[in-house]
S.K.: 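Below is the structure I would like to discuss, written out as structure tokens.
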Amino acid sequence: MTDVSEWKNWSGLVTARPEHTVTPPDVGAVVAEVERARAAGTTVKMVGTGHSFTAIAAPEHTMLRPQGLTGIVAVDRDAMTVTALAGTQLKHLNADLEALGLSLHNMGDIAEQTLAGAISTGTHGTGGVAAGLAAQVVGLELVTGTGEVLRATETDNADVLAVARVGLGALGVITKVTFRVEPLFLLEATEQPMRWDEALASFDQMTAESHHVDMYWFPHTDRLLTKRNDRLDAEPSEASPVPRLRAWLDDDLLSNKAFGALTAAANLAPRAIPPMNRVNARILGARTYSDVAHKVFVADRDVVFREMEYAVPREAGLSALREARAALDASDLTVSFPVEIRVAPADDIPLSTASGRDSFYLAFHTHRRADHTAYFALMEPIMRAHGGRPHWGKVHTRQADGLAPLYPRFEEFLAMRDRLDPDRVFANGYLRRVLGP
Ligand SMILES: Cc1cc2nc3c(=O)[nH]c(=O)nc-3n(C[C@H](O)[C@H](O)[C@H](O)COP(=O)(O)OP(=O)(O)OC[C@H]3O[C@@H](n4cnc5c(N)ncnc54)[C@H](O)[C@@H]3O)c2cc1C
């Protein structure tokens, strides 16, 4: 089916008007589109759910939609792996895995993304033995820029698997993803407000003792909300989730909808932001609950925002955070959204932001109606000074020449791109900027 329509990403920062839109029902239809584009000297881009803030998914000629490639196709309980079609949304994979008594090891804050979209930009959560989704991938099927269907596993085409797990959409159209999975497990979440000095002083201890640690600092205040998730040695039936009314009050009303209304109003009166942040930081009280892992990791995000996130070396993280606060305090900017702080163990994926080094993530957000440019421009040099690597799916201004020195295996990625997509069938403006022509 072909039609012409405008594509817009979740944040509304990027729009595109592809010449053709196709929803391939199978791998053969993907091959046909790639071959057609290659012969015509044009480009193909498969989009996910558009949750990247950058133009990484923006199609220029043919846009492939993911909705025809969904669902689990194989479960191997001996190897503890699950293979799903690449357009499956994480939330559907999570629900299906739960029904099978299985779970991913770790994930980020939301589960709206497609499997291929999420891994392609290095989507990550915090802590664990693998914070990034791509580091949990043990197999891929992809259609290369020459129309070849490649199956990459740890034994077949292992060099392709090594690189293509965080492929930025530059190496091929991924049609299947195989994840390593675990038996379904419970997490106990402990949310606790803390003062700045206490939180920073205890951060290393918290990350050493808890499996997953997340912190949110409310700009212009001395307060953070800390969230620690620990694995419970208990059956899933023993979960004690947040009671529904409390969940609605905390997650829906306070953390999302009322917060959205407040921050939208605050954009009209920026001087109201610091006192509003002090109120918001106090409203979010301490609570403990437990649930199956994906329900603890993931939250709804109803308020549309803009985000920039950098990964700095783990040991530089707290200094970078202190410098970020000092710079904001010294500026006349007002910021209503919290700064999110997470950590990740090193992985072995060439373009993962955690490639080869334990990492500390700092994520800066603004409301969609606030101008994010001055805030992000203030923070970016601080992140750069610490050797920060920008999230491929979040706002940043870096280009190929500045990114290459940050990734010791950048050349390996470029060589794989030359091999799998010699004619640049998967190119777009963003990829030309961050990888080169
Ligand atoms: C509210 C919100 C919360 C978020 N939370 C987190 C978080 O906790 N942690 C984190 O790290 N990030 C987070 N992100 C960022 C998000 O996870 C990434 O930007 C992710 O890549 C989006 O996935 P998507 O399915 O929307 O893909 P898109 O943004 O649509 O596409 C991303 C890339 O994947 C490519 N792609 C998609 N499908 C295929 C395919 N089949 N084959 C090859 N390439 C493909 C696209 O071409 C593009 O290059 C968040 C974003 C939002 C908006």
Side-chain angles (χ1 to χ4, degrees), residues 7-14 16 24 27 30 34 43-60 63-70 84-91 106-126 131-134 140-145 164-177 212 214 256 297-311 337 340 342 344 351-354 359 361 363 365 368 390-395 420-421 425-431 434-435:
W7 175 86
K8 200 178 223 181
N9 70 348
W10 179 86
S11 68
L13 277 174
V14 182
V27 64
V30 174
V34 169
T43 62
V44 173
K45 186 65 50 191
M46 171 134 330
V47 297
T49 53
H51 276 70
S52 296
F53 297 86
T54 57
I56 190 165
E60 293 185 347
M63 174 169 81
L64 303 184
R65 288 192 181 277
Q67 287 82 0
L69 295 173
T70 62
L85 294 174
T88 309
Q89 284 181 270
L90 271 168
K91 62 182 178 187
N106 200 353
M107 70 192 63
D109 293 338
I110 61 159
E112 293 300 313
Q113 312 94 315
T114 59
L115 306 184
I119 64 171
S120 294
T121 64
T123 296
H124 64 92
T126 187
L133 283 162
L140 290 172
E141 180 185 86
L142 80 167
V143 178
T144 71
R165 288 172 291 169
V166 179
L168 316 190
L171 305 178
V173 176
I174 299 169
T175 45
K176 283 182 197 158
V177 183
H212 310 275
D214 213 339
N256 263 309
F297 286 129
V298 166
D300 289 335
R301 290 281 186 269
D302 292 338
V303 185
V304 178
F305 55 82
R306 320 275 196 234
E307 181 174 351
M308 177 179 81
E309 184 179 47
Y310 265 83
F337 270 66
E340 187 177 11
R342 294 182 277 189
L351 290 199
S352 162
T353 47
S359 300
Y361 290 90
H365 310 76
R368 72 172 195 284
H391 191 303
W392 298 106
K394 301 185 184 179
V395 178
L420 298 186
D421 187 22
V425 173
F426 305 120
N428 66 8
Y430 180 85
L431 292 185
V434 299
L435 297 176

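Read the numbers this way: they start at 1 and go in the same order the structure lists the ligands and their atoms. Everything numeric here is computed off the predicted structure, so don't read it as measured data. We use all heavy atoms of the structure for the numbers below, so side chains are in, but hydrogens, waters and symmetry mates are not.
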S.K.: For atom 12 (N) of ligand 1, what is the closest protein heavy atom, and at what distance to 0.1 Å?
M.R.: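 Residue, atom and distance for the closest contact: His391 NE2, 3.2 Å.
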
S.K.: Got a second to check how far Lys91's NZ is from Ile110's CD1, nearest 0.5 Å?
M.R.: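 Result: 9.5 Å between the selected atoms.
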
S.K.: Could you establish whether Ala118 and ligand 1 come within less than 4.0 Å of each other, counting only heavy atoms on the residue side?
M.R.: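 In this structure, Ala118 qualifies as a contact of ligand 1 - some heavy atom is under 4.0 Å.
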
S.K.: Quick check for you: to the nearest 0.5 Å, what is the distance between Glu307 atom CD and His365 atom NE2?
M.R.: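 It is 3.5 Å, given to the nearest 0.5 Å.
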
S.K.: Please walk me through it: do Thr353 and Tyr310 pass side-chain contact (heavy atoms from CB on, under 4.5 Å)?
M.R.: CA-CA 8 Å; Thr353 47; Tyr310 265 83; over 6 Å; no

S.K.: Taking Asn9 for its side chain and Val14 for its backbone only, find out whether a donor-acceptor pair lies under 3.5 Å.
M.R.: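 Here the side-chain-to-backbone pair exists.
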
S.K.: Can you pull out the closest protein heavy atom to atom 26 (O) of ligand 1? Residue, atom name and distance to 0.1 Å, please.
M.R.: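 I find the closest protein heavy atom is His51 N, 2.7 Å.
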
S.K.: Show me which atoms of ligand 1 lie under 4.0 Å from any heavy atom of Gly108.
M.R.: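 Counting from 1, the qualifying ligand atoms are 8 (O).
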
S.K.: Taking all non-hydrogen atoms of both residues into account, name the closest pair between Phe305 and Phe337 and its distance.
M.R.: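 For Phe305 versus Phe337, the nearest heavy atoms are CB-CE2, 3.8 Å.
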
S.K.: For atom 29 (O) of ligand 1, what is the nearest protein heavy atom, given as residue, atom name and distance?
M.R.: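 Looking at atom 29 (O) of ligand 1, the protein heavy atom closest to it is Ser52 OG, 2.6 Å.
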
S.K.: Using distance alone, determine whether Ala86 and ligand 1 share an N or O pair under 3.5 Å.
M.R.: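 No - when backbone and side-chain N and O of Ala86 are compared with those of ligand 1, no distance drops under 3.5 Å.
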
S.K.: Specify the protein heavy atom at minimum distance from atom 27 (O) of ligand 1: its residue, its atom name, and the distance to 0.1 Å.
M.R.: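 Looking only at protein heavy atoms, the one closest to atom 27 (O) of ligand 1 is Gly117 CA, 3.4 Å.
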
S.K.: So which of Asp214, Leu115, Asp300, Ile110 gets nearest to atom 4 (C) of ligand 1, if we judge by its closest heavy atom?
M.R.: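 Shortest heavy-atom distance from atom 4 (C) of ligand 1: Ile110.
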
S.K.: Within this structure, what is the OG1-OH distance for the pair Thr54 and Tyr430, rounded to the nearest 0.5 Å?
M.R.: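 One gets 4.5 Å once the value is rounded to the nearest 0.5 Å.
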
S.K.: With a cut-off of 4.0 Å, which atoms of ligand 1 are near a heavy atom of Trp10?
M.R.: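 Taking each heavy atom of Trp10 in turn, ligand 1 has 1 (C), 53 (C) under 4.0 Å.
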
S.K.: Should one rank His365, Gln113, Arg301 by closest heavy-atom distance to atom 22 (C) of ligand 1, which comes out on top?
M.R.: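 Nearest heavy atom to atom 22 (C) of ligand 1 lies in Gln113.
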
S.K.: Quick check for you: to the nearest 0.5 Å, what is the distance between Ile174 atom CD1 and Leu69 atom CG?
M.R.: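 Result: 11.5 Å between the selected atoms.
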
S.K.: Please report whether ligand 1 has a polar contact with Val173, defined as an N or O pair separated by less than 3.5 Å (distance criterion only).
M.R.: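 No, no N or O pair falls under 3.5 Å.
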
S.K.: Taking it one step at a time, do Leu90 and Leu115 satisfy side-chain contact (heavy atoms from CB on, under 4.5 Å)?
M.R.: CA-CA 6 Å; Leu90 271 168; Leu115 306 184; 3.7 Å; yes

S.K.: Polar contacts were defined as any N/O atom of the residue lying under 3.5 Å from an N/O atom of the ligand; does this apply to Arg342 and ligand 1?
M.R.: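 Yes.
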
S.K.: Who's the nearest protein heavy-atom neighbour of atom 43 (C) of ligand 1, and how far?
M.R.: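 The closest heavy atom on the protein side is Gly172 O, 3.2 Å.
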
S.K.: What is the closest protein heavy atom to atom 6 (C) of ligand 1, and at what distance does it sit?
M.R.: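 Checked against all protein heavy atoms, atom 6 (C) of ligand 1 sits closest to Lys394 NZ, 3.9 Å.
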
S.K.: Quick one: does ligand 1 sit under 4.0 Å from the side chain of Ala57, the backbone, both or neither, non-hydrogen atoms only?
M.R.: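 The answer is both.
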
S.K.: List ligand 1 atoms under 4.0 Å from Thr49, heavy atoms only on the residue side.
M.R.: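 Numbered from 1, ligand 1 contributes 24 (P), 25 (O), 26 (O), 27 (O), 30 (O).
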
S.K.: Between Asn106 (side chain only) and Gly132 (backbone N and O only), is there a donor and an acceptor less than 3.5 Å apart?
M.R.: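 No; zero donor-acceptor contacts below 3.5 Å.
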
S.K.: Can you sort out which atoms of ligand 1 are near Leu168, meaning under 4.0 Å from one of its heavy atoms?
M.R.: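 This gives 49 (O) as the contact atoms.
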
S.K.: Could you tell me whether Thr114 and ligand 1 have an N or O pair separated by under 3.5 Å?
M.R.: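 It does: an N or O of Thr114 is found under 3.5 Å from an N or O of ligand 1.
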
S.K.: Considering only heavy atoms, which of Leu133, Thr121, Thr175 lies nearest to atom 18 (C) of ligand 1?
M.R.: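 Looking at heavy atoms only, the winner is Thr121.
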
S.K.: Of the non-hydrogen atoms in Gly169 and Ser120, which two are nearest, and what is the gap between them?
M.R.: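 In terms of heavy atoms, the two residues are closest at N-CB, 4.1 Å.
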
S.K.: If you apply the rule side-chain contact (heavy atoms from CB on, under 4.5 Å), what do you find for Arg306 with Arg368, and how did you get there?
M.R.: CA-CA 6 Å; Arg306 320 275 196 234; Arg368 72 172 195 284; 3.6 Å; yes

S.K.: Give me the residue, atom name and distance of the protein heavy atom closest to atom 1 (C) of ligand 1.
M.R.: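 Checked against all protein heavy atoms, atom 1 (C) of ligand 1 sits closest to Phe305 CZ, 3.6 Å.
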
S.K.: Nearest 0.5 Å, please: how far is NE2 in His51 from OG1 in Thr114?
M.R.: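 The distance works out to 10.0 Å.
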
S.K.: Just distances here: any N/O of Thr123 and N/O of ligand 1 closer than 3.5 Å?
M.R.: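 Yes; the residue has a nitrogen or oxygen that sits under 3.5 Å from a nitrogen or oxygen of the ligand.
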
S.K.: Would you mind running through ligand 1 and noting each atom that sits below 4.0 Å from a heavy atom of Ile174?
M.R.: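 Taking each heavy atom of Ile174 in turn, ligand 1 has 40 (C), 41 (N), 42 (N), 43 (C) under 4.0 Å.
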
S.K.: Tell me which part of Glu112 gets within contact of ligand 1: side chain, backbone, both or neither, using heavy atoms under 4.0 Å.
M.R.: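 None of Glu112 does.
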
S.K.: Closer than 4.0 Å to some heavy atom of Phe53 - which atoms of ligand 1 meet that?
M.R.: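 Answer, ordered by atom number: 51 (C), 52 (C), 53 (C).
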
S.K.: So which heavy atom in the protein is nearest atom 46 (C) of ligand 1, and how far is it from that ligand atom?
M.R.: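 Ranked first by proximity to atom 46 (C) of ligand 1 is Met46 O, 3.2 Å.
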
S.K.: Give a yes or no on whether the backbone of Arg342 and the side-chain of Thr126 come within a donor-acceptor separation of less than 3.5 Å.
M.R.: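 No.
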
S.K.: Kindly write out the residues that satisfy ring-ring contact (aromatic ring centres under 6.0 Å, His included) with Phe426, not counting sequence neighbours, or none if the list is empty.
M.R.: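 ring-ring contact (aromatic ring centres under 6.0 Å, His included) check on Phe426 returns nothing, list empty.
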
S.K.: Can you sort out the partners of Gln113 under side-chain hydrogen bond (donor to acceptor under 3.5 Å, both in side chains), two or more places apart, ordered by chain and number?
M.R.: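 With sequence neighbours excluded, Gln113 shows a side-chain hydrogen bond (donor to acceptor under 3.5 Å, both in side chains) to no residue whatsoever.
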
S.K.: Enumerate the atoms of ligand 1 whose separation from the nearest heavy atom of Asp109 is less than 4.0 angstrom.
M.R.: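 Answer for ligand 1: 7 (C), 8 (O).
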
S.K.: Taking N or O atoms only and a 3.5 Å limit, does Gly50 qualify as a polar contact for ligand 1?
M.R.: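 Such a contact does occur with ligand 1.
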
S.K.: How are the rings of His124 and His391 set relative to one another: parallel (under 30°), tilted (30 to 60°) or perpendicular (over 60°)?
M.R.: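 Tilted, since the angle between the ring planes falls between 30° and 60°.
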
